[in-house]
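Take a look at the structure below.
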Amino acid sequence: MSMHPQPIEPVPAETSRVARAAFPGGNPYLSLRDELGTVFTDDDFASLYPRKGRPAEVPWRLALVTVFQFAEGLSDGRTAEGVRERIDWKYALGLALDDPGFDASVLCESRARLLAGSAELRLLGALLARCRERGWIKVRGRQRTDSTHVLARVDASNRLECVVEAVRHALDRVAVAAPAWLASRARPGWPDLYGRRAYAVRDPASQEGRRELATQVGEDGLALLEAAAGPSVPGSLRDLPALEALRRIWIQQFDRDDGGLRWRTESDSLPPAPP
């Protein structure tokens, strides 16, 4: 992908009108745009992109969206939905109301580009610099400037969404292939947790809560895999691709610990996705 810096246009008039009407009492994202502008510019990331090739999504928007994503604890899927649906985000990003946004994979590619170019510090560095200019934080104050923390938190949300979606998809496929078999083995909480697309399941706010959810999902997935490996499993499930995908994801994301299942943490060396 290539990048050619473009001048930043003002917020579209219709987006501004609707946003002001929707948030008459104010909104953090509207205030951010009004007070700090776009925070980033394309020139901040020009060194990370070649001059030739298919045009990339606007880099300053991707950087700002990544900050929004971290602030709200969202996965890539939910963040992409937010760009498409949220008026306050469209205002902060200077997008028209009918702008379709971008695919969630673009966010992952953007983070990889930042890390590969050792440019992750630019995420919070520019934001903190603007806040210091306004006198909102002290020059020698204690602010967390480690942008790798931002990227790691986002990656953790994506991993959690991945495992929830893997179980949901497997249950959907099993329900079609062997509904009676699944009904006799389904756990009581499965419809509530896996009845919706994974990006609709809000991450717990705390690290402990996220770990507990990951453990629950891991046990649910393992229970489904063990049942599908049993002697009485219907033949229609033996080579079901969704179950094979679930097994491979579980090898990557979980580890056996004292006979139980343990969610691999950021400090672990995660193995590559199985082929």
Determine the sole option in V174, V233, L246 for which the side chain to side chain contact (heavy atoms under 4.5 Å, CB included) test with L240 is passed. V174
One thing to verify: whether R211 and E208 come together as a salt bridge, which I'm taking to mean a side-chain N less than 4.0 angstrom from a carboxylate O. yes
So, does K90 use its side chain to make a donor-acceptor pair with the main chain of D99 at under 3.5 Å? yes
Is there a donor-acceptor contact under 3.5 Å linking the side chains of R264 and Q253? no
Rounded to the nearest 0.5 Å, how far apart are CZ of R84 and CG of D98? 14.0 Å
Does any donor atom in the side chain of Y91 or R20 lie under 3.5 Å from an acceptor atom in the other side chain? yes
Are the side chains of V167 and W250 in touch, meaning some heavy atoms are under 4.5 Å apart? yes
Point-to-point distance, once rounded to the nearest 0.5 Å, from CG of L30 to CG of D88: 7.0 Å
Side-chain donor or acceptor of R168 paired with backbone N/O of Y194 under 3.5 Å: no
Which label fits F68 and Y29: parallel for a plane angle under 30°, tilted from 30 to 60°, or perpendicular past 60°? perpendicular
Kindly indicate whether a cation-pi arrangement holds for R159 with W263, taking the cut-offs as under 6.0 Å to the six-membered ring centre and within 45° of the axis. yes
Below 4.0 angstrom, N of the basic side chain to O of the carboxylate: do R86 and E81 qualify? no
Any side-chain heavy atom of V58 within less than 4.5 Å of one from L93? no
Could you check whether any side-chain N or O of T79 sits under 3.5 Å from a backbone N or O of S75, counting only pairs where one atom can act as donor and the other as acceptor? yes
